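Fair warning: this is a prediction, and the values are worked out from it, not measured in the lab. So that the names make sense, note that chain A is the first sequence line, chain B the second, and so on, each numbered from 1.
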Amino acid sequence: MRDVAVVSFAQAPSVRADQLRNEVEILMPVVAEALGRSGISKHEIGFTCSGSSDYLAGQPFSFVMALDAVGAWPPMAESHVEMDGAWALYEAWARLQHGDIDSALVYAFGKSSMGDIAELLTLQLDPYSVVPLWPDAVSVAALQARAMLDGGHHSERDMAAVAARSRRDAASNPNAQVRTPLDEAAALAEPCIVSPLREHDCPPVSDGAAAIVLAAGERARQACARPAWIRGIDHRIEPASLGARDLATSQSAALAARHAGALGGAFDVAEIHAPFTHQELILRDALGLGDRATAMNPSGGALVANPVMVAGLIRIGEAAQRIIDGRARRALAHATSGPCLQQNLVCVLEAD
Amino acid sequence: MANPCAIAGIGQTRHASQRADVSIAGLVREAALRALEDAALTFADIDAVVIGKAPDMFEGVMMPELMLADALGAAGKPMLRVHTAGSVGGSTALVAASLVQAGIHERVLTVAFEKQSESDAMWALAPKIPFQPTVVAGAGGYFAPHIRAYIRRSGAPLDIGMRVALKDRLNALRNPYAHLHQEDITLEQIAQSPMLWDPIRYAETCPSSDGACAMVLVSEQAARSAPHRPAWVHASAMRSEPTMFAGRDQVNPRAGQECAAAVYHQAGITDPRREIDAAEIYVPFSWYEPMWMENLGFAPEGTGWRMTLEGATAFDGDLPVNPSGGVLSSNPIGASGMLRFAEAAMQVRGQAGEHQVDGAKRALGHAYGGGSQFFAMWIVGSEKP
C-alpha cells in the first residue's frame, strides 16, 4: 500500500447545542484550520470526502449545503458517505492508493441537538420487526451492557471507572463538553436511567465538526514535520439483529483490528470510540488492548464529547495529533457505527 | 497507477411503482443475487460491499445499510454506504471500483436501491428548513426553470422534450426490467398529458419506482475466472459544485463539463460523438437529454436538441442514448445512477438483449444529482484498457 498520512486535524469544540450556527457555519472554520495547518490549498486537494446524516439535520441532502463550507469552486472531485467521518477517511485513503493524486480532505459534521437523538437512532433498527417497538438508543445499549455484566468479567464499578477517567482527561481537553469530575462512589449510588446504565455511562448530546487532511508520500513530509502514517486501516460490520450476535463481545472490532495489523506491539495511545462506558470495556477486550496502550482515550473520548457522525473521525484526529505533536510514536484509533457496536473501524498510526 | 477493474456480474430487479412482494432487504437481495449469478460467485466470494441510495427519508430508515448487512452477506466484511444525492448510484459504483483499483479487494459487490413506495419522495424532498428555500414542488419544480432557460437560450422547438419521452418509452419496450411498458404510446398522447411544471408534462417525467441494481466489480486476476465476458472500466470521475452562487450556470454546469472532460481524457477519447457507441444518461425529465448532450460535449452548445430531432440519439441513431429506456422508464432514485452505469456495461458485454446496440465497444454511464451539481461518470469498454 502507498504511504498515506494524517498531516493535519482540526475540530470544533463539542457543545450541547450550538443554537447560533448551522452546520456550515460550524464546519467552515474547521475546514479552513485543517487546510491552513497542512499548507495544502483547497485547489491542490485531489479528493474530498465527507460523512454526515440527513436524519440528524432533519432534511434530505443535508451534506449538499456543507459544500459551501469548502467552497467547491472550481468544481472538485468529491464524495460523501452517510456514515461517521471515519469511513469518509477510509474512502479517501483508498482513493489515494490509486497514485494519481497526493492529498485529500476529509470532514464530518453533526448537530445532535436538532432532535431527540436517542429516539432518532431507533430508526437504524429493523423497520419491520423492531422499530414498531421503538426501543431508544440508551435502552438498546443497556441490553448490551447487561449482556456484558452477565458475562462476569466486568462490573458496574469498572464502568464507573471508565467514566471517571474520561472526565479527568476531559479537564485538559478544551474541545470536550463534559468536564466535571466524577466521584465514582457517589455516581454508583445514583439510580439507573435504563438498568444497568447510569447517567455517567451514557454519552452527552453534542454538536460538532472535524476535518482531517491526508497526504501521500513526499507530499505528506512537506506538509507536516511529523506525519501520522496510516500503517493499517480496516473496517467490518456484523448482522444488525441484536439477537443474532453476542452483544458482550465485538467480533467485527476484533476482525478489523486483525486486518489493520493492530493486534501486535504496543501503542503509546489508543483513542477508542465508545459512546457508552461498557462499550469501552468490550472494545478493549476485542482489540486485545489490555496493557498494550499506555494512554487510553486521553481526549476523554465520546463519553465527554459525542457529536454523532463526527466522534469516530475525531478519534483518528486525536490519535494522529499526538503523533504530529511528538507526544506519541504509535497510536491506535477506532470508530464505531450502528446499534451496539455493529460496525467498527480500526486504524494504526505511526511516526516515521 | 490504479489497477484495472472489470465488471463481472450485473443484476437488477424488475422495477415497479410498488414491489409489495418484497421487503427492502428482499429487493436489494434480488439484484445482488442476479449479479452474483452472472459472475458465478456467491456472497462468500465477496470481499466487501458498497451500497448507495438517495436520502434515508425516502424509506424512513436511518442508515439502512446497517439493517441490510445480513441480507447482502456483508457480515464480517467491510461495508460502505455512499450518498451523493441523485448521482449516488453512479458514485456508489465508482467507490466500489476505487477499492479494486486501489488494490485493496479482489471482488466487491456494489448495490444501489430505492423503495419509493415505502414513503413519499415528494414529501421527503420538501421539508421547511429555516432560512433555506424549500423545494415545495419536488424535483420537477426545481428543474423546470432550468429547462425554460435552456429553451430560451437554444431556441429549441417545443416538441423536443416530447420526442425524447417517446423515444425512451419505446426503448423501454425492449427492456424486460423497465417499470413502464407503454405499448401504444404516441407523441399526441404525450402532448395531451397534463402539464405539471411548465414545460414538463406528466408523460415527460420519470416514474416513481421500487427497484435495485447490483454489480460485481473485480480485479484483473479475478476477471480471468469470470464465466462471461467482463466489461472494463476505462475511465471514472466525480465532480461537485455548490448549489447556488452568482454566476453559476445551472443549465450547463461546469462540474458536468469537467467530469466529462476527465473521463474522455482518461479513456483517450478526443471525439466523444464518434468514439462512444452508446450512452446511458441520467434523464429524469425529457429535456435533460438535449441539455446533457451539450454538457457532455456530444453537441456544441445550443445544438443538443438537433441530435434528438434528427434521430441521432434514437435506438438506431449514431449515438443511441438510453437504449434501456432510461430514468424516464424506471426510476428507483438511488439505483437510477447505477442502472445507467450497469446498462452501459451490459452494452459493451453484449448482454443487453433486445436493447443491445450492435457492436457496442465503448459506452458512457452518467448520473447527476442535487441541483445539477453532483456528477458521476464512467466509460466502460469491451477490451481491457
Side-chain angles (χ1 to χ4, degrees), chain A residues 1 22 48 53-55 57-61 63-65 67-68 71-83 87 90-91 93-100 120-128 130-131 234-241 244-245 251-252 255-256 337-339 342-343, chain B residues 1-2 23-24 54-70 74-85 91 94-95 98-99 101-104 118 124-125 127 129 131-132 237-243 245 248 253-255 258-259 262 369-371 373-375:
Chain A
M1 289 285 121
N22 68 15
T48 298
S53 165
D54 279 353
Y55 261 105
Q59 70 174 111
F61 308 125
F63 58 91
V64 175
M65 61 179 173
L67 272 184
D68 287 334
W73 192 259
M76 60 187 196
E78 187 262 353
S79 189
H80 172 262
V81 292
E82 194 82 352
M83 308 176 84
W87 277 267
Y90 181 87
E91 183 182 328
W93 169 82
R95 181 63 188 81
L96 282 164
Q97 298 303 321
H98 295 201
D100 58 331
L120 181 64
L121 290 171
T122 303
L123 293 175
Q124 292 184 333
L125 298 161
D126 185 284
Y128 305 100
V130 184
V131 172
D234 194 84
H235 61 100
R236 302 281 154 163
I237 197 167
E238 291 177 50
S241 171
R245 50 188 164 118
Q251 290 183 22
S252 56
L255 204 53
S337 175
Q342 189 192 345
Q343 192 173 19
Chain B
M1 282 304 286
S23 63
I24 297 171
D56 290 358
M57 287 149 194
F58 285 178
E59 285 83 11
V61 184
M62 183 182 184
M63 299 158 73
E65 65 280 5
L66 293 166
M67 70 102 177
L68 293 173
D70 221 11
K77 294 170 187 172
M79 189 176 198
L80 280 171
R81 156 69 195 289
V82 181
H83 177 17
T84 64
S91 311
L94 295 185
V95 173
S98 170
L99 299 177
Q101 291 164 328
I104 298 168
E118 297 285 335
L125 283 172
I129 307 291
F131 309 113
Q132 284 182 35
M238 292 188 241
R239 289 291 184 278
S240 311
E241 67 184 42
T243 315
F245 63 89
R248 175 172 182 242
R254 183 165 159 189
E258 293 186 0
C259 193
Q373 66 192 119
F374 296 101
F375 292 86

To check you understand the geometry: which heavy-atom pair defines the closest contact between [X] and [Y], and what is its length?
{"X": "B:Glu65", "Y": "A:Met83", "answer": "OE2-CG, 4.5 Å"}
{"X": "A:Ala94", "Y": "B:Ala102", "answer": "O-CB, 3.3 Å"}
{"X": "A:Asp54", "Y": "B:Asp56", "answer": "OD2-N, 4.4 Å"}
{"X": "B:Met238", "Y": "A:Glu91", "answer": "CE-OE2, 4.4 Å"}
{"X": "B:Gly60", "Y": "A:Leu123", "answer": "O-CD2, 3.7 Å"}
{"X": "B:Met79", "Y": "A:His235", "answer": "N-CE1, 3.3 Å"}

**Asked** Are any non-hydrogen side-chain atoms of B:Ser240 and A:His80 less than 4.5 angstrom apart?
**Response**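 No. Closest side-chain heavy atoms not under 4.5 Å.
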
**Request:** Decide yes or no for A:Ser79 and B:Val95: does some side-chain heavy atom of the first lie under 4.5 Å from some side-chain heavy atom of the second?
**Result:**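 Heavy-atom side-chain distance check passes, below 4.5 Å.
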
**Item:** Interatomic spacing from CG in B:Leu66 to CG in A:Asp126 - rounded to 0.5 Å
**Value:**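 One gets 11.5 Å once the value is rounded to the nearest 0.5 Å.
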
**Value rounded to 0.5 Å, distance of CE in B:Met57 from CZ in A:Phe61** =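 The distance works out to 10.0 Å.
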
Chain A contacts, top residue of [options] (heavy-atom pairs, under 4.5 Å):
{"options": "B:Gly76, B:Ala75, B:Ala255", "value": "B:Gly76"}
{"options": "B:Ala262, B:Ala54, B:Ser98, B:Ala74", "value": "B:Ser98"}
{"options": "B:Pro253, B:Gly371, B:Ser91, B:Pro242", "value": "B:Pro242"}
{"options": "B:Arg81, B:Glu258, B:His83", "value": "B:His83"}
{"options": "B:Leu80, B:Leu94, B:Val82", "value": "B:Leu80"}
{"options": "B:Ala237, B:Ser23, B:Gly370", "value": "B:Ser23"}

Below 4.5 Å from any heavy atom of chain B, which atoms of [X] appear? Answer side chain, backbone, both or neither.
{"X": "A:Tyr128", "result": "side chain"}
{"X": "A:Glu82", "result": "both"}
{"X": "A:Leu67", "result": "side chain"}
{"X": "A:Leu96", "result": "neither"}
{"X": "A:Ser53", "result": "side chain"}
{"X": "A:Leu255", "result": "side chain"}
{"X": "A:Gln342", "result": "side chain"}
{"X": "A:Phe63", "result": "side chain"}

**Message:** Assess the residue pair B:Thr243 and A:Asp68 against the criterion (side chain to side chain contact (heavy atoms under 4.5 Å, CB included)); give the C-alpha distance rounded to whole Å, side-chain angles, the decisive distance to 0.1 Å, and a yes or no.
**Reply:** CA-CA 8 Å; B:Thr243 315; A:Asp68 287 334; 5.7 Å; no

**Prompt:** Does B:Arg254 make a cation-pi contact with A:Trp73, if we ask for NZ or CZ under 6.0 Å from the ring centre and within 45° of the axis?
**Reply:**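 That pair qualifies as a cation-pi contact.
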
[X] portion near chain A, given a 4.5 angstrom heavy-atom threshold:
{"X": "B:Phe374", "answer": "side chain"}
{"X": "B:Leu68", "answer": "neither"}
{"X": "B:Ala85", "answer": "both"}
{"X": "B:Pro64", "answer": "neither"}
{"X": "B:Gln373", "answer": "side chain"}

**Prompt:** If you count heavy-atom pairs under 4.5 Å with chain B, which of A:Ala240, A:Gly338, A:Pro75 comes out on top?
**Reply:**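 Answer, by heavy-atom pair count under 4.5 Å with chain B: A:Pro75.
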
**Message:** Quick check for you: among A:Glu238, A:Arg95, A:Glu78, A:Met1, which has the greatest number of heavy-atom pairs under 4.5 Å with chain B?
**Reply:**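 Among A:Glu238, A:Arg95, A:Glu78, A:Met1, the one with the most close pairs to chain B is A:Glu78.
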
**Asked** How far apart are the C-alpha atoms of A:Leu121 and B:Met62, what are their side-chain angles, what is the distance that settles it, and do they pass the side chain to side chain contact (heavy atoms under 4.5 Å, CB included) test?
**Response** CA-CA 7 Å; A:Leu121 290 171; B:Met62 183 182 184; 3.9 Å; yes

**Message:** Please determine whether side chain to side chain contact (heavy atoms under 4.5 Å, CB included) holds for the pair B:Leu99 and A:Tyr90, giving the CA-CA distance in whole Å, both sets of side-chain angles, and the decisive distance to 0.1 Å.
**Reply:** CA-CA 10 Å; B:Leu99 299 177; A:Tyr90 181 87; 4.0 Å; yes

